[in-house]
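Below you'll find the structure, written out as structure tokens, and then a few comments.
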Amino acid sequence: MARSTVRPVVRLKSTAGTGVTYVTRKNRLHDPDRLVLRKYDPAAGRHVLFREER
């Protein structure tokens with residue numbers, strides 16, 4: 001049975017000041033109001049926090 005739920009696209013901007021951004025689809029399994037995600041920033045060469053741009 002297919003689900004017809006809309007999965008919004010979220011733009012994530014690095015808090016390391018490198019200007020790196022990710023565009024992801026929001027994961028319904030996690031808290032929908034979470035504003036930061038920890039991802040790998042290739043410009044910084046390490047994992048940093050990425051903040052949602054709303």
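Both backbone and side-chain heavy atoms feed into the values below; hydrogens, waters and symmetry mates do not. Because the structure is a prediction, the values reported are computed rather than measured. We're numbering straight along the sequence, starting at 1.
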query = Do Lys39's NZ or CZ and the ring of Tyr22 fall within the cation-pi criteria of under 6.0 Å and 45°?
reply = yes

query = What do the steps show when you test Arg38 against His47 for side-chain contact (heavy atoms from CB on, under 4.5 Å), and what is the final call?
reply = CA-CA 6 Å; Arg38 193 164 178 272; His47 282 81; 3.7 Å; yes

remark   = Contacts of Arg11 meeting salt bridge (Lys or Arg N to Asp or Glu O under 4.0 Å) (sequence neighbours excluded), chain-then-number -> Glu53

key: Identified side-chain contact (heavy atoms from CB on, under 4.5 Å) counterpart of Glu52 within the set Val36, Thr24, Val10   = Val10

inquiry  = On a heavy-atom basis, which atom in Leu49 and which in Thr15 lie closest, and how many Å separate them?
reply    = O-OG1, 2.7 Å

key: Hphob cluster co-occupancy, Leu35 + Leu37, side-chain heavy atoms under 4.5 angstrom   = no

query = Is the backbone of Ala44 close enough, under 3.5 Å, to the side chain of Thr18 for a donor and an acceptor to pair up by distance?
reply = no

key: Separation of Phe50 CZ from Thr21 OG1 (nearest 0.5 Å)   = 8.0 Å

